Structure formats: C-alpha cells, structure tokens
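Not measured: the values here are computed from a predicted model.
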Amino acid sequence: PSVGGDLESRRWLRGERDVISPEKMEPTVSPEGIQTELDEEMENDICKVWDMSMDEDVALFLQEFNAPDIFMGVFAKSKCPRLTEICVGILGNMACFQDICMSISKDDNLGQVLLQRLCDSDSPTLLETSRLLLTCLSQPEVANVWVERIRENPSVYDCVCFIMSSSTNVELLVKVGEVVDKLFDLDEELMLNWIKNGTCRSVGPSVDDSPEELPDFKIVPCILEAAKQVRSDNPEGLDVYMHILQLLTTVDEGIQAIVQAPDGGKETWSLLYDLVCHELCQPDDPPIIVQEQKTVLASILSVLSAMFASQTEQEYTKMRKNMPLIGSLIRILQYMEGCGKRSVDNSKESEQEETGRADINKEDFHLKILKDICCELLSNMLQELTKENTLEGLHQGHLNEQTCSCAFQNLLPLYFTSVESFLEVLREADQTLADKLEKRFPSLKVHA
C-alpha cells in the first residue's frame, strides 16, 4: 500500500533525501569484488521511497531532486539486480503522472538505457521495465516517442521474443504481452517490421556486458509459447496473447506468418481449437459464461476464421476433424441467445441508470462482434460439409434439430447461400431433419 499520500511521509523523504543520493545507493561488495546485494537498512529505506513514489507530490519531489539522472548512474554501474529493479520501479510509479512521464520520455539517453533493461536476465527487473513501458505507451502524449524509439532499436524485438519464448514467469509474460499488444495496436508499421523480422543479432540477455547471439526468432512461435504458459494460470493473459494473434491477422503478412510457418499453422490451429472445444464456453458452463469470455473468444474465432479462409487445403482444416468445432460455435450462439434473453428480462424488471445503460450497450456491442465473427466462421465451415461429415456430426450429437435451428436462426438471411448449401447436404444425410428445418424456416423452402 502507498504511504506517500500524507504529509508525514513527504517530510520523511525530505529528511532522508540522501537515501537516493549516488553515494548512498551502493550495494554490498561480494568477495569477488562484485556489488550484488543491498544492505538491509538501505533496501528498507529505498523501498519506502518506491512505495511513496505513487504519490504525485513525492514523485515531483524526486524529479526535482534529479532522481532519473541518479538512476541512470545506477543502471550504468550497478551489478545488483534488486537495486536496478527498485530504481526502474520508482521510475514506473513516477511515469504514472503526465508531466513527469513526458519529462522521462523526452530524455533519449534515459529512454535508450531503459530499453536496454529488456535485455536484463533478472525477471523482477524485466517486470518493472515492462510496467514502465506500458505506462508510457498508454499516455497518448508520449506514446509515439516510445514507438519510434522501439522501432529504431532492433534489440527490443529479440529481447521481447526471448522472454515470450523462454520465460515461465506468468506475471512477466502477461506484462510483456500487454506491451506487445499495445505496440501493435498503436503502430501497424512496427507490427509489420516484427512480423518480417527474424535475422540473428548479437544483442540479447546476458549476465555480463558482453553481447550474446540469440536464435532466429519468429514472432508467431514466441506468442504461442507464451500463450501456452499463461493459459492455465491467467485468463487475462490468455486474452492478451489471443488479441495479439488477432492483430496479426489484420494484415496479409500476419496471416501468412501464421499459415506459412514450417508446420503450416498446425500448432496455432491446434491450440485455438483446443481452447474453443475443451476449455472455453463448455457444455457444463452456465450460458452467462459467454459474457465473461466474449473478448478472448472473439479473438480466437477471428484467427481461426482467417486461417480457415486462407488454408482450406491444410489437413487440420478438413471437416472430418472439425465437427466438434462446429458444435462449439453453435453452443456459443446458443449461450449468446440465453444472455440476450436475460438482458431483456433484467431491463424489464428495473430501470437502469445512465451509466448502467452504457455498460449494457458496451456488453451488447462486444457480444455482437463475437456473434458476427462466430457466424462468419460457421457459415464457411458449413459450406465445406460433405454427406459423410454431416452423418458424423449427427452421430456425434453436434448436429440435431435444436443446434441446426440455432445455426439457421443466426445465419439467416445474411448467409443464405451457406445455409442452403448445407441443407442440400443434410437432405442426403437426414431427409426428415431437413424437412423439419424447411418448415421452421419457410424462406428456404420457398427459394427451393
């Protein structure tokens, strides 16, 4: 908790200002002559400063006392990971305030030194560095400064990929993912550069100052590895990495990076398929779960839809293997119908405040996006079904009168051609079910 919001804490800081002086910020020297640890009393004092720096008055005082310049000296000389972590953390707190953030961001030397911290081997330091970068990227006044700085610094790509592909620290992976997500959202050119990237560079994480050659990183495998690490422990982190994949599919180069991987995109498809069919929005979940999972589902289905449209010849997109996915898509639509009915019932029971209405409209907007993406993928998949696939779907329970009615209800009239094509195949597999559906949806019969 912050203790910086009261007068007493600010008085303490003024009385102990030498805590952040260059002379005081010296770690303990090991027998080998390397400064690796902070004195316990010194660590306690500087952690108090870290805590108090969440208060704007304290942050302004630190800026006046030239704390950023002092920290620059620490980064240049210190071999103590804990001291580096705390200094970056204090800067991260100070950057939460707009004027200070602008001052830090416009200091190019400090900016370059902070980006070099991404090559650190210490996870807590990497976490604080990522938090600081995300804070700066989230402030419109300085975001472009950091985007340009990162674009001009090739080592950032390698260091970020190294973290995503090798770290098991979930908290760090989530924060790094948020930085990448923000970068791609802010600047398509940077995203394109990272998609095309992959050359070896002699810059990377190292325990000393000597550069270390890194592997030939590709962005998609690194994203997938990070997603696998966070999927079980951090739903928000999974949401972040799925949104990064979705952003990649907004450009042709991104789609090609996914489907033209050495495995043809099989690993990506398998992960997303497994999430939709076995983890998210499951049969034993209440329908309201779709409200909680709407953003991650929209990202996943958007990527699957892009892959399906571009790689229909790949073995993993063959319909004989994807009937469970069709069943899952229809279940998502069924759950959304349940949420829609609940929203209507709730609005009838009580009047909503203006803010309440805004929240409901926002939820409805996100659900509409999910529905649109879901319907697009479902319509494309239904068009590829053969009689054999359909018989298998009927046998497995993915296709029946209830699920087909739900599919038709959501797909018509926009995807009339897809529904009509599927109905023709269904007649061959189950004439009785096809007749029932024609009676329920007269427009199909009239058109026939």
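For Ser328 (side chain) and Pro324 (main-chain N/O), a donor-acceptor pair under 3.5 Å exists by modelled atom type. Ser165 contributes a side-chain N or O that, together with a main-chain N or O of Phe162, makes up a donor-acceptor pair within less than 3.5 Å. Using modelled atom types, no side-chain atom of Arg131 and backbone atom of Lys175 make a donor-acceptor pair closer than 3.5 Å. Asn389 places a side-chain N or O within 3.5 Å of a backbone atom of Thr386 that can act as its donor or acceptor partner. Under a 3.5 Å cut-off, the side chain of Tyr335 and the backbone N or O of Gln291 do not form any donor-acceptor pair. Between the side chain of Asn93 and the backbone N or O of Trp50, at least one donor-acceptor pair lies under 3.5 Å. Under the 3.5 Å distance criterion, the side-chain polar atoms of Gln293 are matched with a main-chain donor or acceptor of Cys281. Within the 3.5 Å criterion, the main-chain N or O of Leu173 finds a donor-acceptor partner in the side chain of Tyr241.
A search for side-chain contact (heavy atoms from CB on, under 4.5 Å) contacts involving Glu171 returns Leu127, Asn169, not counting sequence neighbours. Residues forming a side-chain hydrogen bond (donor to acceptor under 3.5 Å, both in side chains) with Arg117 (at least two apart in sequence, or on another chain): Asp120. With sequence neighbours excluded, the residues forming a side-chain contact (heavy atoms from CB on, under 4.5 Å) with Glu267 are Leu224, Lys228, Asp263, listed by chain and number. Contacts of Pro235 classified as side-chain contact (heavy atoms from CB on, under 4.5 Å), with partners at least two apart in sequence or in another chain: none. In this structure Asp181 satisfies the side-chain hydrogen bond (donor to acceptor under 3.5 Å, both in side chains) test together with His243, sequence neighbours excluded. Residues forming a side-chain contact (heavy atoms from CB on, under 4.5 Å) with Gln409 (at least two apart in sequence, or on another chain): Glu337, Phe441. In this view, Gln282 satisfies the side-chain hydrogen bond (donor to acceptor under 3.5 Å, both in side chains) rule with no residue, not counting sequence neighbours. Residues that satisfy the ring-ring contact (aromatic ring centres under 6.0 Å, His included) test with Tyr316, not counting sequence neighbours, are Trp269. Judged as a side-chain hydrogen bond (donor to acceptor under 3.5 Å, both in side chains), and not counting sequence neighbours, the contacts of Gln260 are Gln256.
Taking every heavy atom of both residues into account, Leu126 and Cys119 meet most closely at CD2-N, 4.5 Å. The minimum heavy-atom distance linking Leu271 with Ala227 is given by the pair CD2-CB, 4.2 Å. Heavy atoms only, all atoms of each residue included: Ile255 and Ser310 are closest at CG2-OG, 3.7 Å. Across all their heavy atoms, Glu178 and Val240 have their closest contact at N-CG1, 3.6 Å. Nearest approach of Val156 to Leu118, heavy atoms of both residues: CG1-CD1, 3.9 Å. Closest approach of Ala95 and Gln139 over heavy atoms only: O-NE2, 2.9 Å.
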- Let me see the working for Leu245 and Thr249 under side chain to side chain contact (heavy atoms under 4.5 Å, CB included), right down to the final yes or no. CA-CA 7 Å; Leu245 282 177; Thr249 65; 5.8 Å; no
- Determine, step by step, whether Trp146 and Leu183 satisfy the side chain to side chain contact (heavy atoms under 4.5 Å, CB included) criterion, reporting the C-alpha distance in whole Å, the side-chain angles of both residues, the deciding distance to 0.1 Å, and the verdict. CA-CA 9 Å; Trp146 286 97; Leu183 282 171; over 6 Å; no
- Task: Given side chain to side chain contact (heavy atoms under 4.5 Å, CB included), test Cys47 with Arg82 step by step and report yes or no.
- Result: CA-CA 10 Å; Cys47 280; Arg82 178 61 172 160; 3.4 Å; yes
- Would Thr390 and Met323 satisfy side chain to side chain contact (heavy atoms under 4.5 Å, CB included), going step by step from the backbone distance to the final call? CA-CA 8 Å; Thr390 305; Met323 289 311 302; over 6 Å; no
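The existence of a salt bridge linking Asp364 and Lys368 is excluded, since no basic side-chain nitrogen approaches an acidic carboxylate oxygen closer than 4.0 Å. A salt bridge is defined here as a Lys NZ or Arg NE, NH1 or NH2 lying under 4.0 Å from an Asp or Glu carboxylate O, and Glu392 with Arg320 fails to meet this definition. One finds no salt bridge joining Lys318 and Glu315 here, because no Lys/Arg side-chain nitrogen approaches an Asp/Glu carboxylate oxygen to under 4.0 Å. Glu279 and Arg231 are joined by a salt bridge, as a carboxylate oxygen and a charged side-chain nitrogen come within less than 4.0 angstrom of each other.
Residue Lys48 holds its NZ atom at 13.0 Å from CD1 of Ile46, rounded to the nearest 0.5 Å. Atom NZ of Lys182 and atom CG of Leu133 lie 13.0 Å apart (nearest 0.5 Å). One finds the NZ atom of Lys218 at 10.5 Å from the SG atom of Cys222 (value rounded to the nearest 0.5 Å). How far CD1 of Ile326 is from CZ of Phe422: 7.5 Å, rounded to the nearest 0.5 Å.
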Please tabulate, one pair per line, all N/O donor-acceptor pairs under 3.5 Å involving side-chain atoms of residues 295-304, not counting sequence neighbours.
residue, atom, partner, partner atom, Å
Thr295, OG1, Asp239, OD2, 2.6
Ser299, OG, Gln246, OE1, 2.9
Ser299, OG, Thr295, O, 3.3

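Defined by atom type and a distance below 3.5 Å, a donor-acceptor pair is missing between the side-chain atoms of Gln116 and Gln112. A side-chain N or O of Ser103 and one of Gln63 form a donor-acceptor pair less than 3.5 Å apart. Using modelled atom types, one finds no donor on one side chain facing an acceptor on the other under 3.5 Å when comparing Asp158 with Ser155.
Sulfur atoms SG of Cys96 and Cys101 are positioned 2.5 Å or more apart.
Listed by first and then second residue, the salt bridge (charged side-chain N to carboxylate O under 4.0 Å, His left out) pairs that reach into residues 99-108 are Asp108-Arg149, sequence neighbours excluded. For the ring pair (Phe, Tyr, Trp, His ring centres under 6.0 Å) condition, no pair includes a residue of residues 75-126, sequence neighbours left out.
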